[in-house]
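Have a look at the structure below, then the notes.
Please read all numbers here as calculations on a predicted model, not as lab measurements. In this chain, numbering begins with 1 at the start of the sequence shown.
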Amino acid sequence: MLYTENDYIEINKLRKNFWLKIFTITIAYIASVVICSIARIEIPGYLASVLWAIAVVYLWGMQGSKTRKYYLFLKDIKQGLEKTVTGSVESVSDSITSRDLVDFYTVIFNDDDANPTSPSRKLYFDVSKGIPNFINGERLKITLFGNNIKGFEKI
């Protein structure tokens with residue numbers, strides 16, 4: 001299997017780190033607004049509000065949303081239904097595809113159980129696991145969650 005308990009530990013560390021940053025920025029914002037309110041200084045209070053909003057939106061856009069989506073992806077992989085298919089690799093893309101804010105390499109796969117006239121199947125290999133070292137025409141037994149590769153075994 002590609003995913004281990006360490007993956008879940010790492011993503012939880014990232015999530016805690018993100019929320020710690022948000023908490024720290026929020027505490028600094030509240031402190032500055034309280035000080036400005038007591039001193040009756042308006043402009044720095046307004047400036048603190050704008051900077052806080054910019055910082056939170058920036059952090060969420062750059063780190064929070066991707067971390068959350070990857071956490072949900074790992075949760076789904078861990079708890080979801082899996083299917084095992086056997087077949088051969090047609091090609092592996094070097095370019096990265098983003099699906100629901102999670103990055104993948106695309107693997108074109110010919111499923112043995114599929115109808116011979118049906119097109120090849122497009123599977124997704126997690127970028128954080130490195131570039132898949134599949135050779136064109138190589139026979140594999142792949143464990144899938146939807147179209148995401150959860151594990152593989154060379155035959």
Heavy-atom distance under 4.5 Å between the side chains of [X] and [Y], does that happen here?
{"X": "Arg121", "Y": "Val107", "value": "no"}
{"X": "Phe145", "Y": "Asp76", "value": "yes"}
{"X": "Leu51", "Y": "Leu47", "value": "yes"}
{"X": "Trp60", "Y": "Val57", "value": "no"}
{"X": "Lys141", "Y": "Thr84", "value": "yes"}
{"X": "Pro132", "Y": "Phe125", "value": "yes"}
{"X": "Ile149", "Y": "Asp126", "value": "no"}
{"X": "Ile108", "Y": "Lys122", "value": "yes"}

Problem - Test applied, side-chain contact (heavy atoms from CB on, under 4.5 Å); reference residue, Ile142; option that passes from Val89, Asp111, Val85, Thr86 - result: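 Result for side-chain contact (heavy atoms from CB on, under 4.5 Å) with Ile142: Val85.
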Problem - Lys16 atom NZ, neighbour heavy-atom count above 12 within 6.0 Å - result: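 Counting other residues, nucleotides and ligands, NZ of Lys16 stays at 12 neighbours or fewer.
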Could you tell me the separation between the [atom1] atom of [X] and the [atom2] atom of [Y], rounded to the nearest 0.5 Å?
{"X": "Thr97", "Y": "Phe104", "atom1": "OG1", "atom2": "CZ", "value": "9.5 Å"}
{"X": "Phe73", "Y": "Asp103", "atom1": "CZ", "atom2": "CG", "value": "11.0 Å"}
{"X": "Thr67", "Y": "Leu101", "atom1": "OG1", "atom2": "CG", "value": "10.0 Å"}
{"X": "Leu59", "Y": "Ile54", "atom1": "CG", "atom2": "CD1", "value": "12.0 Å"}
{"X": "Ile77", "Y": "Tyr70", "atom1": "CD1", "atom2": "OH", "value": "8.5 Å"}
{"X": "Leu81", "Y": "Lys150", "atom1": "CG", "atom2": "NZ", "value": "9.0 Å"}

Under 4.5 Å between side-chain heavy atoms, hopping through other hydrophobics if needed: is there a path connecting [X] to [Y]?
{"X": "Val33", "Y": "Ile35", "value": "no"}
{"X": "Val92", "Y": "Val102", "value": "yes"}
{"X": "Met62", "Y": "Ile25", "value": "no"}

Residue pair [X] / [Y], side-chain donor-acceptor N/O under 3.5 Å:
{"X": "Thr143", "Y": "Glu82", "result": "no"}
{"X": "Asn136", "Y": "Ser91", "result": "no"}
{"X": "Asn147", "Y": "Arg99", "result": "no"}

Exercise for the section: Tell me whether the centres of the aromatic rings in Phe18 and Phe23 are closer together than 6.0 Å. Expected result: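 Not under 6.0 Å, so no.
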Handout entry: Phe152 and Phe134 aromatic centres sub-6.0 Å
Key =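 Yes.
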Handout entry: Worked check of side-chain contact (heavy atoms from CB on, under 4.5 Å) between Asp7 and Glu10
Key = CA-CA 5 Å; Asp7 295 319; Glu10 286 296 319; 5.9 Å; no
Practice task
Flag the pair Glu153 and Arg139 as a salt bridge only when some basic side-chain nitrogen lies within less than 4.0 angstrom of an acidic carboxylate oxygen.
Solution key: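 Here Glu153 does not pair with Arg139 in a salt bridge, since their nearest N and O are not under 4.0 Å apart.
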Exercise for the section: Run the numbers on Ile22 and Trp19 for side-chain contact (heavy atoms from CB on, under 4.5 Å), then give the verdict. Expected result: CA-CA 5 Å; Ile22 295 293; Trp19 288 113; 4.1 Å; yes
Exercise for the section: Heavy atoms only: give me the nearest Ser88-Phe109 pair and the separation to one decimal. Expected result: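 Scanning both residues, the minimum pair turns out to be O-CD1, 3.5 Å.
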Exercise for the section: Of all the heavy-atom pairs spanning Asn133 and Glu138, show the shortest one and how long it is. Expected result: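 Closest approach of Asn133 to Glu138, heavy atoms only: O-OE1, 4.1 Å.
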Handout entry: Tyr58, Tyr29, Tyr46 screened by ring pair (Phe, Tyr, Trp, His ring centres under 6.0 Å) with Trp52, the one that passes
Key =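 Passing option: Tyr29.
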Practice task
For the pair Lys129 (side chain) and Leu2 (backbone), establish whether a donor and an acceptor sit closer than 3.5 Å, ignoring hydrogens and angles.
Solution key: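 Judged by distance alone, yes, a pair lies under 3.5 Å.
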Problem - Audit row: Leu123, Asn148, side-chain contact (heavy atoms from CB on, under 4.5 Å) steps and yes/no - result: CA-CA 6 Å; Leu123 305 178; Asn148 300 310; over 6 Å; no
Exercise for the section: Is it possible for you to check whether Lys78 lies under 6.0 Å from the centre of the six-membered ring of Tyr8, through NZ or CZ, and within 45° of that ring's axis? Expected result: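 Because its charged atom sits under 6.0 Å from the ring centre and within 45° of the axis, Lys78 does stack over Tyr8.
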Exercise for the section: Before giving the answer on side-chain contact (heavy atoms from CB on, under 4.5 Å), spell out for Ser93 and Tyr105 the whole-Å C-alpha distance, their side-chain angles and the decisive distance to 0.1 Å. Expected result: CA-CA 6 Å; Ser93 175; Tyr105 292 110; 5.7 Å; no
